Amino acid sequence: MELSKNYIPNEIEAKWYEHWLSKDYFSSKPDGREPYTVVIPPPNVTGVLHMGHCLNNTIQDILVRRARMHGKNACWVPGTDHASIATEAKVVHMLRERGITKSSLSRDEFLQYAWEWKEKYGGIILQQLKKLGCSLDWDRTSFTMDPEYYKAVIEIFVKLYNEGIIYRGLRMVNWDPVSKTALSDEEVIFKEVDSKLYYVSYPLTDGSGSITVATTRPETILGDVAICVNPTDERYTALIGKQVIVPIINRKIPVIADEYVDAEFGTGALKITPAHDKNDNELGRKHNLKALNTLDAEGKFTTEDLSEDNPSAQVLSYTGIDRFVLRKKIVEDISALNQIQKIEEYKGQVGTSERTGAIIESRLSLQWFMDMKKFIGQNPKTIESVETDKIKFHPSKLKNTYSYWMDNIKDWCISRQLWWGQQIPAYFAPDGSFVVAASKEEAFEKFKSQNAKIRIEEIRQDEDCLDTWFSSWLWPMEVFKGISNPGNPDFNYYYPTTTLVTGQDIIFFWVARMIMAGYAFKDQQPFTDVYFTGMVRDAQGRKMSKQLGNSPDLLGLIDNYGADATRFGIMIASPAGNDILFDESSLEQGRNFNNKLWNALKLIKMWEGRQGVSRQSSIVSEPFHDSPLTTHDFAVNWFGNRLNQVKTEVDEMMQQFRLSEALKTIYSLIWDDFCSWYLEWIKPGFEQPIDSAVYQKTLVYFEELMQLLHPFMPFITEEIYHLLQDKKDDLCIKQVVPLQSFDNAVLEAGELLKQVISALRDARNKNQIKPKDPIKLFIQTETETNYRPIENILLKQVNAESIGYTTETVANTIVVAVEKDKFFIKTEKELDTATLKAELIKDLEHQQKFLESVLKKLSNERFVQNAKPEVIALERKKQSDAEARIKTIEESLKNL
RNA sequence: GGGAGCAUAGCUCAGCUGGUUUAGAGCAUCUGCCUUACAAGCAGAGGGUCCGCGGUUCGAACCCGUGUGCUCCCACCA
């Protein structure tokens with residue numbers, strides 16, 4: 001068969017993915033093997049694959065494929081998240097483009113549109129994961145709003161309500177005026193913004209002057225109910241208890257005192273607006289002050305709470321004006337009253353919505369909350385498991401972050417003023433009383449048991465739905481129906497899951513809450529290891545964003561480079577636990593690696609029909625440890641040991657989740673050790689036959705290399721595995737053999753050979769001997785047996801026409817010293833003795849300086865007394881090596 | 001404001017229990033090669049004040065202190 005010049009991934013990748021699916025390799029059923037369970041962090045159902053997903057899912061696939069090849073029953077569960085806010089926003093946007101407003105629709109009509117949208121676009125992202133090669137068990141695809149899942153969420157809500165952990169209350173919440181919903185604290189991102197500090201004076205009612213306050217939010221002035229100063233602030237002590245007049249609305253409000261106020265900030269006087277600021281709200285409650293709301297759900301001015309003030313025409317004219325427009329207007333109007341003292345530039349933090357980016361309003365609102373202190377208090381393992389590494393975090397530094405958040409946890413606002421999501425199972429009677437129940441029928445029964453006079457059709461369900469994360473936190477359990485059908489065989493087998501791979505950015509949103517849920521609902525940890533990925537940034541370290549346009553099109557990259565190269569590129573640049581700086585050049589490196597593998601395949605295939613009789617069949621059988629007799633035996637023996645050594649190293653790295661390093665190690669094993677050294681060593685001369693035993697052994701090595709690499713680059717490895725020899729089985733599920741030992745003496749012999757070859761090539765280069773010009777080589781050594789078996793390799797690798805042994809210096813040659821052995825290169829070329837001399841002198845000085853430092857160490861009594869014996873032995877070896885080299889160089893200098 | 005982490009070659013990073021020559025890798029750079037698997041390649045080379053200062057130790061990139069510079073997380077001083 002003719003193999004193409006370079007590797008062409010596209011068709012090959014599609015072919016193998018189809019094949020794997022047709023063989024059902026990725027679908028898992030409980031059996032006697034140990035399970036290896038991973039649940040995908042469910043992407044938004046309407047999302048598209050981006051670099052973050054690529055990193056995350058490549059890592060999961062590597063772990064899962066490796067487990068599958070190591071005797072585990074690997075199960076990787078795919079699925080999507082309904083992503084309440086994000087999806088609803090998209091649906092609203094889509095409807096607007098069709099000229100439909102959400103407010104014109106009933107809940108049911110809206111949800112119908114949303115489900116249509118979900119059916120049409122939902123799951124695109126899952127198809128994209130197939131392109132990447134992800135070995136997910138598609139039969140288990142889940143969605144956080146599947147009917148069973150929905151029921152499970154409701155069940156948990158009811159349970160927690162009955163336990164007094166979920167409650168309903170009027171609290172200050174983070175309000176997103178764009179999506180018009182409450183948000184949890186975690187969904188608020190604080191950003192530094194340039195704003196202004198306005199100094200506004202409030203006249204005292206007794207005409208004795210005024211108090212000036214500094215505020216960043218003059219638009220809330222009409223909701224002011226007090227001025228607060230620090231009781232120890234002497235500037236104001238006389239004014240405490242007096243009254244001032246709020247500008248424009250002319251409300252009379254008291255001057256109060258509270259330690260909370262920082263006398264150093266601004267003027268030391270703080271205006272209190274309990275309806276629009278969390279701290280003001282607390283102060284307001286403490287001092288029994290009313291909260292006067294002046295902004296509606298969209299952040300526009302409203303006079304609803306101002307009737308007692310008999311609002312003037314001016315005040316009424318503000319109605320419906322947006323908060324930021326209002327800010328300017330009110331500043332102008334107060335300015336007209338000469339009550340703006342000054343305006344300063346100010347850098348402040350402002351909360352924004354994680355989803356919409358809108359500036360958050362603190363707003364008093366009736367919402368549903370979870371009492372987190374109480375909840376965690378009932379399940380102390382939530383915190384302990386991470387602290388004691390029962391659940392292991394990678395990198396471990398995130399343990400601190402986790403513990404700190406847990407120790408300072410605040411109540412979780414779980415209700416959202418949205419329709420797309422699980423509707424809160426609270427049912428209201430016309431009189432406003434409510435019960436919490438799994439269904440309207442159950443709610444009716446509950447009302448009846450409370451002797452409420454009520455008909456079922458009068459019952460109204462809470463309009464709001466639950467925070468998306470209130471369903472996501474059940475994910476590792478409910479994908480196996482662990483809540484809706486507890487104790488089922490799948491759940492018993494697969495849960496707790498093994499490894500979770502996710503972004504650091506959702507440690508609180510998701511990871512922490514899954515751990516809580518795990519202990520609270522099943523009294524078990526949900527997973528054993530958590531691998532946190534960093535963020536994918538561009539080559540300059542900037543976040544990827546639509547505005548910057550620095551977010552590459554992942555599918556385009558896969559088309560250009562192939563999925564294997566893409567996986568390689570992102571993994572090679574991905575140090576464990578750090579952000580990754582993504583650069584397309586690493587994908588090129590991946591593509592080049594593909595070609596390297598492909599060309600190695602081509603070379604080996606060339607030999608297939610050129611096999612000669614084996615001189616020695618013993619080399620295909622273990623062990624490698626016998627003293628090698630021939631050139632090819634040496635190479636085969638060496639690589640076999642090297643392979644076992646690297647397998648052992650890779651195994652360790654994988655256990656420590658050092659995936660990037662493992663890949664680098666395999667890459668260098670294949671490129672350097674296998675291609676650059678081993679294949680060159682066994683390569684037969686032009687049109688010469690290859691020893692069939694060597695050939696067979698090489699096939700085995702190549703297959704094992706492909707197996708080692710497969711989890712990282714599944715497609716090309718499967719392809720090569722099949723092209724090497726006709727196979728009935730597939731690499732994808734081929735089980736790896738247990739680790740084998742390796743012989744360090746053999747490895748050292750290989751290293752010495754490499755070192756000698758490199759040194760001789762370097763000498764050739766430095767003396768400008770053309771690659772085609774042959775040399776004559778003489779070796780001066782005490783251990784001729786070291787070189788006898790590798791003479792042929794040496795000849796070929798340094799283009800020597802002969803090798804001889806000598807006991808003394810050979811005249812008119814270039815001398816190369818490696819360890820204690822000397823090599824004399826004889827060539828036709830005229831030698832540039834001056835340059836050679838200079839080189840040697842440089843080397844001599846270097847060695848002498850080095851010897852000096854070693855001797856200094858060895859003559860230090862305290863070193864000899866305290867250091868470990870092996871360290872001292874090493875120093876002595878350094879000494880004798882250096883002395884030998886110095887002697888060699890000195891002799892060579894004389895020789896020139 | 002509180003906490004965590006980082007600083008090693010031009011870039012991205014290893015360096016795990018203090019001792020493996022005078023600190024490694026990949027990419028980039030330079031030199032020579034179109035050698036019959038591969039120029040998307042081969043063979044070589046150069047490149048370092050291990051952020052500064054102090055300390056512990058026979059011995060420090062590594063441990064301790066301190067300074068500087070970055071990064072991240074948490075926290076609504078209006």
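Within every chain, numbering begins at 1; the chains are lettered A, B, ... in the order of the sequence lines, protein sequences first and strands thereafter. Owing to the predicted nature of the structure, the values given are computational and were not obtained by experimental measurement.
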Residue whose closest nucleotide on RNA chain B lies nearer the 5' end, A:Arg537 versus A:Ile604: A:Ile604

Residue whose closest nucleotide on RNA chain B lies nearer the 5' end, A:Ile572 versus A:Glu875: A:Glu875

Can you give me the N/O atom pairs linking the protein to nucleotides 29-36 of chain B at distances under 3.5 Å, or say none if there are none?
none

Complementary nucleotide of [N], counting Watson-Crick and G-U pairs under 3.5 Å:
{"N": "B:rG1", "answer": "B:rC74"}
{"N": "B:rG69", "answer": "B:rC6"}
{"N": "B:rU35", "answer": "none"}
{"N": "B:rA60", "answer": "none"}
{"N": "B:rA23", "answer": "none"}
{"N": "B:rU17", "answer": "none"}
{"N": "B:rG44", "answer": "B:rC30"}

Quick one: the side chain of [X] and the base of [N], do they pair up donor-acceptor inside 3.5 Å?
{"X": "A:Asn599", "N": "B:rA37", "result": "no"}
{"X": "A:Arg591", "N": "B:rA40", "result": "yes"}
{"X": "A:Glu661", "N": "B:rA25", "result": "no"}

Sidechain-backbone polar pair: A:Ser853 side chain, A:Phe850 backbone, donor-acceptor under 3.5 Å: yes

With a non-hydrogen cut-off below 4.0 angstrom, is [X] in contact with a base, only sugar-phosphate, or nothing?
{"X": "A:Lys191", "answer": "nothing"}
{"X": "A:Ser676", "answer": "sugar-phosphate"}
{"X": "A:Ser758", "answer": "sugar-phosphate"}
{"X": "A:Val188", "answer": "nothing"}
{"X": "A:Trp671", "answer": "sugar-phosphate"}
{"X": "A:Asn595", "answer": "base"}
{"X": "A:Ser585", "answer": "nothing"}
{"X": "A:Phe582", "answer": "nothing"}
{"X": "A:Phe850", "answer": "base"}
{"X": "A:Glu264", "answer": "nothing"}
{"X": "A:Tyr199", "answer": "nothing"}
{"X": "A:Glu680", "answer": "base"}
{"X": "A:Asn860", "answer": "sugar-phosphate"}

Presence of A:Tyr346 side-chain N/O under 4.0 Å of B:rC77 phosphate oxygens OP1/OP2: no

side-chain N/O A:Asn279 vs B:rC77 OP1/OP2, d < 4.0 Å: no

B/S/- contact track for nucleotides 4-13 of chain B, protein heavy atom under 4.0 Å: SS------SS

From [atom1] of [X] over to [atom2] of [N], roughly how many Å is that when rounded to an integer?
{"X": "A:Lys596", "N": "B:rG41", "atom1": "NZ", "atom2": "P", "answer": "8 Å"}
{"X": "A:Ile272", "N": "B:rA78", "atom1": "CD1", "atom2": "C1'", "answer": "9 Å"}
{"X": "A:Lys856", "N": "B:rG19", "atom1": "NZ", "atom2": "P", "answer": "19 Å"}
{"X": "A:Asn799", "N": "B:rC42", "atom1": "CG", "atom2": "C1'", "answer": "14 Å"}
{"X": "A:Met406", "N": "B:rC73", "atom1": "CE", "atom2": "P", "answer": "19 Å"}

Candidates B:rA14, B:rA75, B:rC77 - which lies nearest the side chain of A:Gln349: B:rA75

Minimum-distance nucleotide to A:Leu270 side chain [options: B:rA78, B:rC27, B:rC16]: B:rA78

CD on A:Glu652 to CD on A:Glu661, rounded to 0.5 Å: 11.5 Å

Separation between CG of A:Leu699 and CD of A:Glu608, rounded to the nearest 0.5 Å: 7.5 Å

A:Lys399 charged N/C atom sitting above A:Phe393 aromatic ring, 6.0 Å / 45°: no

